[in-house]
Amino acid sequence: MALTDAKVKNAKPRAKTYRLYDEHGLYVEVSPKGGKYWRRKYRLNGKEKRLALGVYPNVKLSDARSLGHDARRLLAVGIDPSADRKARKSSRAASAANTFEAVAREWLIKYSADWAGSHRERVIRLFERDIFPWIGQRPIAEITALDLLAVVRRIEARGALETAHRARGNCGQVFRYAIATGRVFRDPSGDLRGALPPAKGRHFAAKTDPKEVAGILRAMDGYQGTLAVRCALRLAPLVFVRPGELRKAEWKDIDLDGREWCYAATKTSTPHIVPLSRQAAEILRELQPLTGDGRYVFPSARSNERPMSDNAILAAMRRAGIDKDEMTGHGFRAVARTILDEVLGVRPDYIEHQLAHAVRDPNGRAYNRTAHLPERKKMMQQWADYLDRLKAPAEVIPMLQRA
């Protein structure tokens with residue numbers, strides 16, 4: 001006899017679990033504690049199986065019958081209802097794990113361990129405020145360049161151009177992580193290069209337009225100060241290390257024959273290698289007879305026992321006619337990062353390694369100092385050759401030195 005709602009509702013618990021049967025293998029199982037569980041019994045390939053259909057009263061009798069009919073339709077075409085349910089559940093879980101937000105948060109967990117706390121909070125806030133509300137729940141594989149453009153345009157529209165550029169860059173890092181972990185095949189953020197107006201840097205002045213960079217390089221080549229300062233000024237854009245790392249460079253860390261400079265990066269305290277281009281090595285060879293017997297490559301003008309002062313390179317740039325709003329010592333890092341990426345098309349992870357940033361692989365492991373070293377050597381020579389070409393069209397004319 002078929003079940004009724006009243007019969008299911010009034011079923012009382014007993015000392016042992018018992019069943020009340022409906023039709024087509026459907027029954028409700030009543031536990032000693034009073035729980036009522038819908039089950040459907042079926043046979044497939046000669047084996048008896050059971051399918052859980054929910055708990056009464058959340059699942060009414062009519063609902064249980066409807067779910068039972070769905071199972072019958074699957075069985076009619078040879079599909080196991082239990083296997084079909086598992087496949088659907090797995091698919092939903094995979095879809096949830098592959099939304100843009102899920103992948104971005106996974107990337108943040110793996111990569112942000114070595115970031116400064118303030119930087120980590122700034123990146124998370126950017127995603128949560130400006131990106132996740134618009135594309136966070138979208139499957140990452142379905143997001144296009146136009147979808148990303150709409151996100152960054154929304155940020156630009158409120159006057160936050162720098163933030164818009166950072167949003168594009170951070171999204172690109174997430175997509176490259178998704179490529180490495182097999183979620184997507186390409187990074188659509190690359191299609192947005194040039195879509196936003198150039199941002200004006202707030203922290204370190206740096207002209208990133210090649211024409212403006214060319215003028216700065218020519219002015220620097222025209223500087224007529226001491227040899228040590230001239231060499232530091234010419235070397236700075238070639239190696240684009242942090243200013244403190246350049247002025248504290250020691251001869252013991254430099255291998256001119258192997259064309260490598262090895263030292264501990266200041267921000268991460270980890271070993272770092274700077275491949276020296278032919279041009280960089282020539283500058284150091286020119287300086288070696290003057291300072292090579294001492295500890296520092298660029299010693300203080302007052303004592304060989306101390307490195308060049310913080311202000312030496314900046315003061316030289318000002319005397320060469322380069323305004324503080326045009327370039328700083330730290331600004332060469334921004335110049336290199338921008339032009340290597342957007343003009344020369346170098347892989348971003350090579351650039352990040354050379355900037356001595358804390359780069360990690362998709363499994364969260366920190367890359368060692370030799371990671372991508374052959375490629376970085378080629379990149380540094382390509383960069384030096386590009387800078388030569390950039391300043392070649394105009395003759396270098398010494399600038400009038402400011403008092």
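Computed from a predicted structure; not experimentally measured.
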Handout entry: Worked check of side chain to side chain donor-acceptor pair (under 3.5 Å) between Trp251 and Thr291
Key = CA-CA 9 Å; Trp251 282 113; Thr291 69; 3.1 Å; yes
Practice task
Please identify each residue that fulfils side chain to side chain donor-acceptor pair (under 3.5 Å) with Arg105, with sequence neighbours left out.
Solution key: Glu101, Glu128
With a 6.0 Å cut-off on ring centres, are [X] and [Y] close enough?
X      : Y      : result
Phe175 : Phe100 : yes
Phe240 : Phe332 : no
Phe132 : Trp134 : no

Salt bridge check: are [X] and [Y] linked by an N-O gap of less than 4.0 Å?
X      : Y      : value
Arg154 : Asp130 : no
Glu282 : Arg285 : no
Glu156 : Arg168 : no
Glu245 : Arg247 : no
Asp341 : Arg347 : no
Arg65  : Asp22  : yes
Asp5   : Lys60  : no

Practice task
Grab the two heavy atoms, one from Arg176 and one from Ser189, that are nearest each other, plus how far apart they are.
Solution key: NH1-OG, 4.5 Å
Around [X], counting heavy atoms of other residues, nucleotides and ligands shown, do more than 12 lie under 6.0 Å from its [atom1]?
X      : atom1 : answer
Glu48  : CD    : yes
Asp253 : CG    : yes
Asp293 : CG    : no
Lys248 : NZ    : no

Indicate the ring-plane relationship of [X] and [Y], choosing parallel, tilted or perpendicular according to the 30° and 60° boundaries.
X      : Y      : answer
Trp261 : Tyr263 : tilted
His372 : Tyr350 : tilted
Tyr27  : Tyr21  : tilted

Handout entry: Beyond-backbone contact of Asn170 with Phe127, side-chain heavy atoms, under 4.5 angstrom
Key = yes
Practice task
Please confirm whether Arg14 makes a cation-pi placement over Tyr18, using NZ or CZ under 6.0 Å from the six-membered ring centre and within 45° of the ring normal.
Solution key: yes
Practice task
Show your working on salt bridge (charged side-chain N to carboxylate O under 4.0 Å, His left out) between Arg183 and Glu106 and close with a plain yes or no.
Solution key: CA-CA 12 Å; Arg183 271 75 163 246; Glu106 185 179 318; 2.7 Å; yes
Exercise for the section: Take Lys49 and Asp80 through the test salt bridge (charged side-chain N to carboxylate O under 4.0 Å, His left out) and record every step on the way to the result. Expected result: CA-CA 9 Å; Lys49 297 188 174 186; Asp80 185 341; 2.7 Å; yes
